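What follows is a short report on a single structure.
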Amino acid sequence: MNAIAPEAYTTEDGRKIGGVVMEMKNITLRFGGVTAIKDISFDIREGEVRAIIGPNGAGKSSMLNVINGFYHPQEGEVWFRGEKRGPMKPYEIARQGIARTFQNIALFKGMSTLDNIMTGRLTKMKSGILSQAIWKGPAEREEIEQREKAERIIDFLEIQSIRKAPVGSLPYGLQKRVELGRALVAEPELLLLDEPMAGMNVEEKEDMSRFILDVNDEFGTTIALIEHDMGVVMDISDRVVVMDYGAKIGDGTPDEVRSNQKVIDAYLGVAHD
Amino acid sequence: MLYREVGDFKTTYRSDGQTFPIAFDRWRYYIVLLVAFCVVPFIINDYWTNAVLLPFLIYAIAAIGLNILTGYCGQVSLGTGGFMAVGAYSCYKLMTGFPDLNILFCVLLSGLITALVGMLFGLPSLRIKGFYLAVATLAAQFFLVWLFNKVAWFYNYSASGQINAPERTLLGYKITGAETSAPVTYLFCLVLVVFLAIIARNLTRGHLGRSWMAIRDMDIAAEIIGVNPLKAKLTAFGISSFYIGVAGALLFAVYLGAVEVGEVFGIQKSFLVLFMVIIGGLGSIFGSFAGAAFMVLLPVLLKNVLVGSLGWPTDIATHLEFAIVGLLIVVFLILEPHGLAQLWRIIKEKLRLWPFPH
């Protein structure tokens, strides 16, 4: 189905795209009588930026929720790193190395930026209740180690100045950035971004696109994102899946997708004669 | 001016992560500890200990406990009175069943037993939230009080149905029983309070505390980030109940000496501790102390003013006291919903710049 050869290759700008990391096989997801996703298959390859696009209500967010285990599809299989995924809870999937951001910001509003980002390191922290109660010793050492990791992400996202600020009071664009940081600090293998640029102005979108590309470039993180801004999607993604009414109507490089008649019909409408 | 943090730079993450990052705060904390340990024991009398200091210290422990559950982990509980009763009755059974057991171990073991009971009653929190969970914990409250009334084994089949703390000593000083001295019981409670408060602070600043707060602020996002909700909620219930159990044991053994469960550990106790936490400030250890001080001191103060200074009859003063406390709580919640701790934060923020606000 995919036009791209299964072996690893190097993109024009010199990034290495590896084998398949995640594969969705014939996923069908129903809510009662509503079929949100109809028999969709696609894969995500190591190191690529994979976009999922489609009109409102196409089932894109549901797809992400299937990937990180929040929804369990009625039919189909999810394969991650060559293994078929059994029934797992979302927190177990997070521990496997899948992180995500949300369409509507889902930060922990009562906590500071630093604490939000440190929460992203939770899966890496191991000290037990007793050693945390004593604090001096292993717990403090671990906290400082993790703090260094968190600070690296804070530097990377250029949010040093709001480190101690409660996130509830930050402007929208910065909150989105903190949320990206929280997902990123977990050093995920696969990063899911649900409309990372929704509601942003052009400048903020440019910043965010730069961060996404930098993440992909510097950390080699595989990224799957949902986005509505076609310009952005076509610019930053390696391959695009197009969904409409829960079904897949296109899959390929941005150029292939752009010239796909079904995609054009879904986006621009089709004349009924 | 008064409140200097200029030049107080941090060069390590360790110094940045300490409890009182500002030197001024740190010194004030040491001075408070010094006064509490070295000055207060020599100047207190029985009235001060029994009316103010002991209840303040004991309720501070209970408030820290409830604050861990409600303020940090966002799980509302109305079962505090019942859990305090578990602590008190565990302590009684341990004291009478093992007369040689050190009183300190009795108190801490009572906390552990309460922690187990708390985790058991915390299980519904995995399915239900908010008001529904509050109702479930309310059931725990009534069930536990009923249990301690109904099953005579818990009060050693005494005719009155009361439990009485036998005399126990620690390092040769009487801690419980009839003839205890004010400084000794005060210091015993103070040591426990300081110890438990430091532990609470350590737990809430580490990754366990962050997983609690993540569950509180947005449980779905927390789970997707990798927080195990079962573990986070049950540890919160367990640790919270440990504190509440210790407070219940101290209230019974050290402060009251004799307890009838319905009278002392009824639903009003649950509300009292909940008010302390709300007025003091949810999600703040300092707030737990402030709330406990407020709720303990206010009635004493009102009584002294109304009966002592104005010479009103005691019964009118008592009723007026209820009205005033209730009114103050309402006014307080409207004006400063985040409690005394937030008020304190605002004052500190203002003091940073005072008297030159630019």
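Note on naming: letters A, B, ... go to the chains in the order of the sequence lines (proteins, then strands), and numbering restarts at 1 for each one. Keep in mind that what you see is a predicted model, and the values were worked out from it rather than measured.
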Tell me which of these, A:Leu122, A:Asn68, A:Asn116, has more heavy-atom pairs under 4.5 Å with chain B than the rest.
A:Leu122
Sequence neighbours excluded, which residues qualify as salt bridge (charged side-chain N to carboxylate O under 4.0 Å, His left out) partners of A:Glu158?
none
I'd like to know which of A:Lys136, A:Glu140, A:Lys89, A:Lys109 tops the heavy-atom pair count under 4.5 Å against chain B.
A:Glu140
Electrostatic pair A:Glu77-A:Arg85, nearest N-O below 4.0 angstrom:
no
Quick one: what part of A:Ile93 sits under 4.5 Å from any heavy atom of chain B, side chain, backbone, both or neither?
neither
Which of these passes side-chain contact (heavy atoms from CB on, under 4.5 Å) with A:Pro196: A:Ile223, A:Leu180, A:Ile226, A:Ile212?
A:Ile212
Salt bridge between A:Arg147 and A:Glu151, side-chain N to carboxylate O under 4.0 Å?
yes
Structural part of A:Thr101 lying under 4.5 Å from a heavy atom of chain B
neither
Portion of B:Ala222 that has a non-hydrogen atom of chain A nearer than 4.5 angstrom
both
For chain A, which residues from residues 228-237 of chain B have at least one heavy atom closer than 4.5 Å to it?
B:Asn228, B:Pro229, B:Thr235
Quick check on A:Thr119 against chain B: is it the side chain, the backbone, both or neither that has a heavy atom closer than 4.5 Å?
both
Ring-face cation contact, A:Phe102 with A:Arg100, 6.0 Å cut, 45° max:
yes
Using non-hydrogen atoms only, which part of A:Ala186 is less than 4.5 Å away from chain B: side chain, backbone, both, or neither?
neither
With the threshold set at 4.0 Å, does a side-chain nitrogen-carboxylate oxygen contact exist between A:Glu83 and A:Arg81?
no
Donor on one side chain, acceptor on other, B:Asn202 and A:Gln132, under 3.5 Å:
no
At a heavy-atom separation under 4.5 Å, does A:Glu142 approach chain B through its side chain, its backbone, both, or neither?
side chain
Give me each pair satisfying salt bridge (Lys or Arg N to Asp or Glu O under 4.0 Å) with a member in residues 202-213 of chain B, each pair once, sequence neighbours excluded.
A:Asp115-B:Arg210, A:Glu143-B:Arg210
Under a 4.5 Å heavy-atom cutoff, which of A:Met111, A:Gln146, A:Glu92, A:Arg141 has the most pairs with chain B?
A:Met111
With a 4.5 angstrom heavy-atom cut-off, which part of A:Ile134 approaches chain B: side chain, backbone, both or neither?
backbone
Counting only non-hydrogen atoms closer than 4.5 Å, does A:Lys124 touch chain B with its backbone (N, CA, C, O), its side chain (CB onward), both, or neither?
neither
Does B:Val107 reach the side chain of B:Leu250, with side-chain heavy atoms less than 4.5 Å apart?
yes
Only pairs at least two apart or in different chains count here, so list each side-chain hydrogen bond (donor to acceptor under 3.5 Å, both in side chains) that has a residue in residues 166-183 of chain A.
none
Heavy-atom pairs under 4.5 Å with chain B: which of A:Ala133, A:Ala106, A:Ala94 has the most?
A:Ala133
With distance as the sole criterion, is a donor-acceptor pair present between the side chains of A:Thr221 and A:Asn216 under 3.5 Å?
no
Does B:Ser284 offer a backbone N or O that forms a donor-acceptor pair with the side chain of B:Ser288 under 3.5 Å?
yes
